[in-house]
**Student:** 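Sharing a structure, written as C-alpha cells. Questions coming.
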Number of protein chains: 4
Amino acid sequence: MSHKSVDPRVVRSREALLRAALEELGAAGYAAFSMDSVATRAGVGRSTLYRHWNDRWELVADALETLNVQPRGRPDDGQPPRERVEQLLTHLARVLVEPPMASVVPALVHAAEQSDDVQAFFHAYSASRRQALTDAVRAGVEAGDFRPVDPDAASVALSGAVFYRRLLTGRPLRAAEVPGLVDTVLG
Amino acid sequence: MSHKSVDPRVVRSREALLRAALEELGAAGYAAFSMDSVATRAGVGRSTLYRHWNDRWELVADALETLNVQPRGRPDDGQPPRERVEQLLTHLARVLVEPPMASVVPALVHAAEQSDDVQAFFHAYSASRRQALTDAVRAGVEAGDFRPVDPDAASVALSGAVFYRRLLTGRPLRAAEVPGLVDTVLG
Amino acid sequence: MSHKSVDPRVVRSREALLRAALEELGAAGYAAFSMDSVATRAGVGRSTLYRHWNDRWELVADALETLNVQPRGRPDDGQPPRERVEQLLTHLARVLVEPPMASVVPALVHAAEQSDDVQAFFHAYSASRRQALTDAVRAGVEAGDFRPVDPDAASVALSGAVFYRRLLTGRPLRAAEVPGLVDTVLG
Amino acid sequence: MSHKSVDPRVVRSREALLRAALEELGAAGYAAFSMDSVATRAGVGRSTLYRHWNDRWELVADALETLNVQPRGRPDDGQPPRERVEQLLTHLARVLVEPPMASVVPALVHAAEQSDDVQAFFHAYSASRRQALTDAVRAGVEAGDFRPVDPDAASVALSGAVFYRRLLTGRPLRAAEVPGLVDTVLG
DNA sequence: CGCTAACCGAGACGGTACGTCCCGTCTTTAC
DNA sequence: GTAAAGACGGGACGTACCGTCTCGGTTAGCG
C-alpha cells in the first residue's frame, strides 16, 4: 500500500485552479480564456498552474472531466425508454447552451482537429455520453416502444440533431422540441 | 453606368490576402490564426492587410464569403426523392472530409461563437445547404416514399448525423453508410 | 534673363504648405510634427508635399528660412548702441519662447548633431543672427559706451546667456532682465 | 537592516538596458531613439524592457540619472577664484566634447522639451553644475579679483558662452580660449 | 483654342516602431 | 524540498507614420 501522502497545499491549489478554470470558461468563453486570469482567480501563482498542467488544453480537459463525474442518469430502474431518451436529449440540449460547456464545445470541436490528445479526449467524452442514449434506444426498440431502428444510427441522428441546432443554426433546440425530435426519428 | 475603377494593386493584394487567409485558416485553425502569418503567406506588408480589414474577424468573414460562390445543386428534374436525399447527404459527407472545407469547418464552428459576422455567414450558408435537403424530404413524404415525418426536423437529424460523425467521432460517415442513415430516419 | 514662369499652382501649394508647417511646429512641437498633419492642414495631398521636399528636415528648414526674411532691425540709424544691444537680446529672448521657434530650437540643437545639412543651416542661421549683435557691441565699445571688450566674445556671452536660460533652466530670460545682463557683461 | 534582496536577473537586465539606452541616445539621438534598438543592444527581450519602464521617457530619464553619480569638484581649498573659475569652465568645455556627454547633451536639450521627467533631471543637473561656478565668481568679486558683477548673471553668461560655442557654432570653446572669456565677462 | 505636359488629390504600398498582452519556461526566494 | 512569486524571451496584436509609388483627373500656357 502506498505511503505517498499528498501535500495538502497541492490539493488546495488543484481544486482552486480547476474551479477557477471553469469560472473563467464560463465568464470569458474559450477564445478569451487566459491562463493568467485563471491563476489570478484562484489566488495562485502562474507557475503553480503550469506545474500541474503543461498547457491550457490539459487544464481545460481536466476541468471538464470534473464535470463528467456528476452521473447523468442513474442505472436503469424501470424508467420507460421514451422518457429516458427524452431526458438524455433534454439534458444534452441544456448543457450545450449553459456555461461552461456552451463556450467550450465549439472550441473543442476545433481543437480536436489540431491536437490528437484533445481529439482523443473529446471523442471519448462524446462516445461515453452517447452510449447511454444508444442503450436507451435499444431498450425501447426491444420493448417495441420505438420503430425497429439501428440503435447506434438512431442515437447519432438524435445527438447530431441537437448539436446541429446548437452549432449550425441560430436556434438551439429547446426542451419543448425534444418530443417532436424523438417522434421524428423513433416514430 | 459606373465609372468607378479600382486600383489594380488593390485587387491583387485583396485576392492574395483572401487566398492566404483561407490557407491559414485551414492550416492553423482559428485559434492559432495569425494576421502576421497571413500577410507573410500573401507576400504582402502587414499594413496592407490592416488597410483592408480592421481585424481578424473582418478578414476571416470576408475570406469565407469567397467560398460562397460555387452554386450547388441543380433544379429538381424529376429525380426520385430518396435518390435525391442520398445524393445530398453523400455530397455533404464528402465535402466535410475534403479540402478546403474539411479543415475550415471545424475552425468555423469555433469562430462563429466569437464573431457575429462569421456566425451570420456560417448559419446562412448551412441553412441554404439544408434547404435543399428539407425540400427533398418533403417531396418524398408527399409522394409516400418516406414515413410521414416533419421535413425540417428530419433534415436536421440527417444533416446532424453527418456532422456528428465527422466532428464528434473518429469515423466520418462513408458514402456506403448513407442509405442506412436514410432508412433509420425516413423508414 | 529667365523666362521660366512658375506654375501658379506650385506657388499656391508651396505657400500653403510652408504656412501649415509653421502652424504644425507651433501647435504640436517638433517631436510630434507629422507630415500627414501638415498636408491635411494645408488642404493638400501628401504626395504634393513630398514633391517639393524630400523629407521632414527639408520642409522644416525651408519653413524656418521664411521666418528669416523678416528683417530684425534696420540698418544703423543713429540708435544708441546700448539700446540696440538690448533690443536685439530682447528680441532673441522673445523668439525663444514663442511659437514656432520655441519648439523648434531645441529640436534643431539636437538635429544639428545628426545631420550635416541641418547643422550648416542652423549654424549659419545663428551666426547671421549674432552678427548684428556683435556689430552693435563693437559700435558701443568704439563709442566708449561699453567696457573695452572683445566684441565677438561678448556677443557670445550675451547670446549664450539667453540660450542658457531658455534651454538649461526653467526660467527663460524675461525682457526686464535684459538690462541687468547687459550691465553684467558690458559694464 | 533590510532583508529585501533583488533578483540578480533584474539587476543584470536593468544595467544592460540602461547602458544600452545611453549608447542609443548618443548614437541615434533622441528623435530616432528606438526602444526596439535598445532591447537589441542590450541583448534582452522587448517585453523585459517594458516590464521595467512604461515608455521611452521613463527609460531615458532613468538612464540619465546614472550619469549623476560621479561627484564633481572638491571643496574649496584656498584655490584663487580666477583659477577656480577657469578650471570649472575648462572642465565644462571638455565635458561637452567628450563622450558620453558630447552626444547626450544635444539629445537632452531636445528631450527636455518633451518630458517633464527629463526636464527636471536636466535642469537640476545643470543647476548643480553651475552652482559651483556661481560660488567661485562670488568669491572672486568679494576678494576684489573681479569686477563687481552679479555672480549669478555672470555665471549664466560664462556657462552660456561655453554652451553657445558648442551647440550653435562649429567651433566649441578650446581650453586656451577660457582666459579670454573670463576676462571679457569678469574684467 | 485645343493639346500636351505638369501638377494635382487620393490613397495603396512595404516598412518600422510603438506600447500592450499573453504565452510557456526558468530562476530565485520563502516557508 | 516544494510552492509561490514573478522575471524572462518570444511573438502577435492593432495603430500610427514614414517615404515611395501609381493612378486618373484638372489646369495652364504654348503653339
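For the numbers below, each heavy atom of this structure counts, side chains included, while hydrogens, waters and symmetry mates do not. Numbered from 1 within each chain, the chains take letters A, B, ... in sequence-line order.
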**Student:** Does F/dA3 have OP1 or OP2 under 4.0 Å away from a side-chain N or O of A/T48?
**Tutor:** no

**Student:** Looking at E/dA12, E/dG24, E/dT29, which one has an atom nearest to any side-chain atom of B/V10?
**Tutor:** E/dA12

**Student:** Taking the side chain of C/M35 as heavy atoms from C-beta outward, which of E/dC18, F/dG19, F/dG14 is closest to it?
**Tutor:**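 That would be F/dG19.
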
**Student:** For DNA chain F, whose closest nucleotide is more 5', that of C/N54 or that of B/R56?
**Tutor:** B/R56

**Student:** side-chain contact (heavy atoms from CB on, under 4.5 Å) for D/V109 and C/H110? Distances and angles first, verdict last.
**Tutor:** CA-CA 7 Å; D/V109 166; C/H110 170 224; over 6 Å; no

**Student:** Whole-Å distance between E/dT16 C1' and B/D36 CG?
**Tutor:**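 Nearest whole value for this atom pair: 13 Å.
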
**Student:** Ignoring hydrogens and angles, are the base of F/dA4 and the side chain of A/R51 linked by a donor-acceptor pair under 3.5 Å?
**Tutor:** yes

**Student:** Taking A/D55 for the side chain and A/E58 for the main chain, is one N or O donor matched with an acceptor at less than 3.5 Å?
**Tutor:**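 The answer is yes, because a donor-acceptor pair under 3.5 Å joins these two groups.
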
**Student:** Whole angstrom is fine here: how far is it from CD in A/E58 over to P in E/dC23?
**Tutor:**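 Between P of E/dC23 and CD of A/E58: 15 Å.
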
**Student:** Counting any heavy atom closer than 4.0 Å, what does C/G43 reach on the DNA or RNA strands: base, sugar-phosphate only, or nothing?
**Tutor:**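 Sugar-phosphate contact only.
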
**Student:** Quick check: on DNA chain F, is the nucleotide nearest D/R12 upstream (toward 5') of the one nearest C/S34, or the reverse? Name the residue that is more 5'.
**Tutor:** D/R12

**Student:** Of C/G45 and B/S13, whose nearest nucleotide on DNA chain E comes first from the 5' end?
**Tutor:** C/G45

**Student:** Report yes or no: does D/S13 contribute a side-chain atom to a donor-acceptor pair with the main-chain N or O of D/R9 at less than 3.5 Å?
**Tutor:**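 Yes; judged by distance alone, with no hydrogens or angles, the pair exists.
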
**Student:** Do C/T66 side-chain atoms and C/A63 backbone N/O form a donor-acceptor pair below 3.5 Å?
**Tutor:** yes

**Student:** Distance check needed: F/dA12 P versus B/W53 CH2, whole Å only.
**Tutor:** 19 Å

**Student:** Within the structure, does a side-chain N or O atom of D/S47 lie under 4.0 Å from either OP1 or OP2 of F/dG9?
**Tutor:**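 Indeed not, no polar side-chain atom of D/S47 lies that close.
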
**Student:** Using whole Å, report how far CZ of B/R9 lies from C1' of E/dG14.
**Tutor:** 12 Å

**Student:** Starting from P on F/dC13, measure out to CZ on B/F33 and report it in whole angstrom.
**Tutor:** 8 Å

**Student:** Quickly work out the C/D7 CG to E/dT4 C1' distance and round it to whole Å.
**Tutor:**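 Computing the C/D7:CG to E/dT4:C1' distance gives 14 Å.
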
**Student:** So which nucleotide from E/dC23, F/dA28, E/dC8 ends up closest to the side chain of C/P8?
**Tutor:**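 The nucleotide sitting nearest to the side chain is F/dA28.
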
**Student:** Side-chain N or O of D/H52 versus OP1/OP2 of F/dA7: is the shortest distance under 4.0 Å?
**Tutor:** no

**Student:** Spell out yes or no: do the side chain of B/R46 and the base of F/dT15 have one donor N/O and one acceptor N/O closer than 3.5 Å?
**Tutor:**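 Per atom types, the contact qualifies.
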
**Student:** Determine whether the aromatic ring centres of B/W57 and B/F121 lie less than 6.0 Å apart.
**Tutor:**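 Between B/W57 and B/F121, the centre distance exceeds or equals 6.0 Å.
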
**Student:** May I ask you to decide if D/S103's main-chain N or O and C/E113's side chain share a donor-acceptor pair within less than 3.5 Å?
**Tutor:**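 Such a contact is absent between C/E113 side chain and D/S103 backbone.
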
**Student:** Tell me which of B/R14 and D/D55 sits closer to the 5' end of DNA chain E, going by the nucleotide each one is nearest to.
**Tutor:**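 In this pair, the answer is B/R14.
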
**Student:** Please report, rounded to the nearest Å, how far the P atom of F/dA12 is from the OH atom of D/Y50.
**Tutor:** 17 Å

**Student:** Take atom CG of B/L59 and atom P of F/dC13, then tell me their distance rounded to the nearest Å.
**Tutor:** 10 Å

